[in-house]
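Because the structure is a prediction, the values reported are computed rather than measured.
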Amino acid sequence: MTLPPKVTDRAFARLAEIGAAREGKALRIAVEGGGCSGFQYEIRLDDVAEDDMVLEGAGEKVVIDPVSLPFLSDATIDFTEELIGARFAIDNPNASSSCGCGTSFAM
């Protein structure tokens, strides 16, 4: 059974800060082949597609395409602010390893 990803309140709050919904956009989380560990995340503002899984909170949307969804089962999508910068981050229990950049992982 594929459990849907979770989105933290911080991630939805950041989307509200940048005005994603006001612009008619959602945060798209996709998984692609590549990166230094085999798979990489693509995170961008995008339009909602008909076959996307839509996660909603605080008037904002996070979308995941059906091909990426199994790779993100039970993952947590968050927004972090650190000394080196701020970014949307994914805690993925399906990843067996990840690289230092946090955008590439292996399964």
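Contact check for Val62 versus Glu56: no side-chain heavy atoms found under the 4.5 Å cut-off. Proximity of Pro4 to Met53: side-chain heavy atoms (C-beta onward) are separated by under 4.5 Å at one or more points. Contact annotation: the side chain of Ile90 never approaches that of Thr76 to less than 4.5 Å [non-hydrogen atoms, C-beta and beyond]. Using a 4.5 Å heavy-atom cutoff, the side chains of Tyr41 and Leu72 are in contact. Residues Val31 and Leu69 form no side-chain contact, since every pair of their non-hydrogen atoms from C-beta on lies 4.5 Å or further apart. Side-chain contact between Phe88 and Arg14 is present, with at least one heavy-atom pair separated by less than 4.5 Å.
Residues satisfying the side-chain hydrogen bond (donor to acceptor under 3.5 Å, both in side chains) criterion with Lys25, sequence neighbours excluded, are Asp47. Checked against side-chain hydrogen bond (donor to acceptor under 3.5 Å, both in side chains), Arg28 has the following partners two or more places apart in sequence or in another chain: Asp46, Asp52. Every side-chain hydrogen bond (donor to acceptor under 3.5 Å, both in side chains) that Asp78 has, sequence neighbours left out, goes to Thr8, Arg10. For Val67, the side-chain contact (heavy atoms from CB on, under 4.5 Å) criterion is met by Asp65, not counting sequence neighbours. In this structure Glu23 satisfies the side-chain hydrogen bond (donor to acceptor under 3.5 Å, both in side chains) test with no other residue, sequence neighbours excluded.
Cluster note: Val48 groups with Val54, Val63 through ILVMFWY side-chain heavy atoms spaced under 4.5 Å, whether in direct contact or through intervening members.
At most 12 non-hydrogen atoms from other residues, nucleotides or ligands lie less than 6.0 angstrom from CG of Asp9.
The CG atom of Asp51 sits 12.5 Å away from atom CD1 of Ile64, with the distance rounded to the nearest 0.5 Å. We find the CD-CZ distance between Glu32 and Phe71 to be 11.0 Å, quoted to the nearest 0.5 Å. Residue Leu55 holds its CG atom at 11.5 Å from NZ of Lys61, rounded to the nearest 0.5 Å.
In terms of heavy atoms, Leu45 sits closest to Ala20 at CD2-CB, 4.0 Å. Pro93 and Asp91 make their closest contact through CD-O, 3.6 Å (heavy atoms, listed as atom of the first residue, atom of the second, distance). Shown here for Lys6 and Asp74, the closest heavy-atom pair between the two residues is NZ-OD1, 2.6 Å. Shown here for Ile29 and Ser68, the closest heavy-atom pair between the two residues is O-CB, 4.3 Å. The minimum heavy-atom distance linking Ala58 with Phe12 is given by the pair CB-CB, 4.1 Å. Ala86 and Glu81 make their closest contact through CB-CG, 3.7 Å (heavy atoms, listed as atom of the first residue, atom of the second, distance).
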